[in-house]
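Numbers here simply count residues along the sequence, with the first being 1. No experiment lies behind these values; they were computed from the predicted model shown. The figures here come from the full heavy-atom set of this structure, side chains too, leaving out hydrogens, waters and symmetry mates.
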Amino acid sequence: MTRPARRPVSPAGAGMLAMLAAFVTLWPYTGAVRPGLWTFVIVTIVIAVGVSGILARLSLAAVRAGIRSPLVLLVQAIAAAMAGTATLASETAIAGLIPTGQTVRLIGLRLSQSVDEIMNGVAPIEATVPMATLLGLVFVVVAILIDQLVANRLVLLAVVFTSVVGVMPILISFGAINIVWFVMQAIVILLLLRFGARHDPRAPRGASFMVATTAGALTVVAALVLAPVLPVASALPGTGPMLTINADLNLGSDLRRPEGIEALTLVTSSANPPYLRLATLSRFDGDVWRPDRGDRVALSDGFGAPDWGDGIKTVKSEVSIRVTGVSSDRLPVPYAPESIKDAGEGWSAIPENRTVISRTADAAGSDYTVTAETAVPTLEQIRASSASGVPVPPLPDDLPPIIGELARQVTARADTDYDRLIALQNWFRSEFTYSLDAPVDEGFDGTGADAVATFLEKRTGYCIHFAGAFALMAQSLDMPVRIVVGYLPGTSTGEKRGENLIYSVSSDQLHSWPEVFFEGIGWVPFEPTATLGVPTDFIAAAAGGSGDGPEAPKPSSAPTDGASAAPTSSRGPRDDVGSSGAAPLRALNPTPVTLTVLGILVVLLLPMLVREGRRASRVGRARSGDAMAAWQEISDTLVDLGLAAPEAQTARVRADALALTRGVDPVALAPIVRAVEHASYAERTPDAGNLANPLRVVLAQLGASVDSRQRVLARLLPASLFARRR
């Protein structure tokens, strides 16, 4: 039996489809890196790869395929190299197009710089030349691979590859699903599958384009409608909902969740639970605060020398932390950590800000113990010190005047740096209100200079606005300041581990607060956010000093006269625990993950399940002598396996062809063929008997006549379900 000839692949059609797929794959990266030079570079590279591929295939049409494909690949690589060189390093190239050794060295340097920018940046990363170089090289490979996969009709691999590359920036930056990209990618997938079917000789010629298109469109709509309600928030089986945390100030969407989830639990030897920090940010570019950069050392090497000098009292504590609902490349730790046990492999310490970070590990599921030491100066000591000792980054030139003017106005009556900061803290806590929604409604939900200016006018917002405004006002007074991203202290669960209470920290206790560096004392935190925490207020030595340590003040929602070397609070403004103040530890709940996995499996296996049901029904009817059911099952199996099944063939002609070309046993075919002929032509149909057994033999031998890949595809994606019948 001869196989049907495949339709010739149009080089122009394949090239245009590959370029479209590459452009759609590029789309999600605009959310991870600000649009700029890199978008122009990649568009140029994709066009160069696509056009050079089309021209090369047209020019080499007469060349044997085994030689033509490598030549086309070589032409595309040369075109991509020249396009990348012209847009990124033309000054080092011959005629601005041909790369030289200097070009290679320059690109290597920029690649090294781009890695540093990624590791220390916050999405969206600035569109710098190093980032354009990195993304340009990446999309050289991406564009060529997509083009080659499409041209060689490997559409399933093209679908998987473009989907994986497209979703990578969303996964890396912990961003939300880009619905526009999702829809565009779904359309591209449908086009790729249609392209593959039109040029695949094994595809059924009677396939209904309208049925396939309708099924694809309904699948896309179902995904958009049903995905938001599926219980897919669990990152790991049995861990319940998972919150992704990045080192930035984009906390609003997480704080505005309708219901908080448990982020972590902790046990501490201190009188009260501490704040937990993830990252510090002190680089402000006018738009966003960016994470601090610093040298990384092995976690076992510790965090270096303390910031405080001799004569400053300190308090040590031990905190055991179990991360239950946070996915992050940073470990939550109290300040100031000295050592960490049982954190696992892959974690590094940054001594400059005493945080813990990893390039490969995830905080989710970690269970570790931190030994911390906190400086607790007296009121006299901190007043005698000045807010100095580390460089103060320059403020943007276009900083709104209201920020500096209000800073000087609020602190006019204070004599020391500490008193100026206390005046700022008290001003925010007494003159402002806490609101998660007002910044969104009023259009200033951000950390940029203009958003801070609006916040100072509206006087309502949440922690990032308070911390950002406090930091810029302190910086305008020439004080070194940074913002901390982390968690408020947890709420007691009423349970104990040994003699120590267990505390639960909720996702709605995400927080940010400012720190100011005092010479000889180190970084001192302040709490300007209205209604949250206990404001920093050190005790005079004559009143007993601060001998009780930073945890001495009891958690409260109102200011206190007690000493506090760190803002402390047991809950945020959205306190939803019972009157006892205790919330039980959340039990690990595998149900959401189980239901999600089952739902995905059902969707993926639905075509196979429908086809198996149809096969079982026909085998059952064949058992009772239904010849046409048996013959229809043989015909559909041929379609599923990609074998020819012309409808005009008689049963005997098809049986002879199957025996000759596919090695099907004629003895098994004979009773089925006789029964079909009697059912088709005889006036009275005799009892055909049990046709199920010979039918099973025929089906098994047909499956054995093709390779394992085709058998698997026939099971998972049975083409007979979509074949148009006459």
Side-chain angles (χ1 to χ4, degrees), residues 249 279-294 307-309 312 335 352-354 375 377-429 431-432 447-457 463-485 512-529 535-538 565-567:
L249 292 181
T280 63
L281 306 90
S282 61
R283 296 180 293 129
F284 182 68
D285 61 6
D287 251 350
V288 295
W289 289 85
R290 301 194 174 275
D292 294 328
R293 300 176 179 178
D307 295 326
W308 50 86
I312 303 298
Y335 190 74
E352 284 83 352
N353 61 3
R354 294 181 177 265
T378 64
L379 179 60
E380 290 83 359
Q381 287 173 324
I382 196 167
R383 277 180 170 167
S385 177
S386 62
S388 61
V390 295
V392 180
L395 287 168
D397 295 333
D398 56 349
L399 192 72
I402 187 176
I403 296 175
E405 292 171 0
L406 281 177
R408 290 186 291 274
Q409 178 183 329
V410 172
T411 62
R413 297 183 180 180
D415 296 325
T416 68
D417 286 345
Y418 172 72
D419 290 329
R420 294 185 184 93
L421 294 169
I422 291 296
L424 279 177
Q425 176 182 263
N426 293 340
W427 179 67
F428 278 112
R429 293 182 67 86
E431 300 293 332
F432 287 67
T447 58
D450 292 335
V452 168
T454 306
F455 166 70
L456 292 175
E457 293 175 355
C463 58
I464 68 166
H465 305 97
F466 285 93
F470 184 102
L472 288 181
M473 292 173 78
Q475 202 168 342
S476 73
L477 299 175
D478 294 325
M479 298 183 186
V481 64
R482 67 188 183 189
I483 296 176
V484 185
V485 176
S512 61
W513 62 95
E515 290 182 336
V516 179
F517 191 87
F518 282 80
E519 192 168 9
I521 296 175
W523 291 98
V524 176
F526 291 83
E527 181 58 280
T529 304
T536 298
D537 187 10
F538 291 95

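Of the possible polar contacts, none joining the R420 side chain to the A474 backbone as a donor-acceptor pair under 3.5 Å is found. A donor-acceptor pair under 3.5 Å is absent between the side-chain atoms of E515 and the main chain of F517, judged by distance alone. Remark: the backbone N or O of L395 is not paired with any side-chain donor or acceptor of Q475 at under 3.5 angstrom. The closest donor-acceptor contact from the side chain of S476 to the backbone of M473 lies under 3.5 Å. Between the S512 side chain and the V485 main chain, no donor and acceptor come within less than 3.5 Å of each other. T454 contributes a side-chain N or O that, together with a main-chain N or O of D450, makes up a donor-acceptor pair within less than 3.5 Å.
Across every non-hydrogen atom of A375 and I312, the tightest pair is CB-CG2, 3.9 Å. The two atoms that bring V452 and G468 nearest to each other are CG2-C, 4.3 Å, heavy atoms only. Heavy-atom minimum distance, L456 versus A469: CD2-CB, 4.1 Å.
Counting only heavy atoms from C-beta outward, the side chains of W523 and V390 approach each other to under 4.5 Å.
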- Test W308 against Q381 for side-chain contact (heavy atoms from CB on, under 4.5 Å), laying out the working first. CA-CA 11 Å; W308 50 86; Q381 287 173 324; over 6 Å; no
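Aromatic ring orientation, F470 versus F428: tilted (interplanar angle from 30° to 60°). Aromatic ring pairs are classed by plane angle as parallel below 30°, tilted from 30° to 60° and perpendicular above 60°; the pair F526 and Y418 is tilted.
Of the residues listed (R482, E352, R354), the one engaging T280 in a side chain to side chain contact (heavy atoms under 4.5 Å, CB included) is R482, and it is the only one.
A side-chain donor-acceptor contact under 3.5 Å links S282 and D292.
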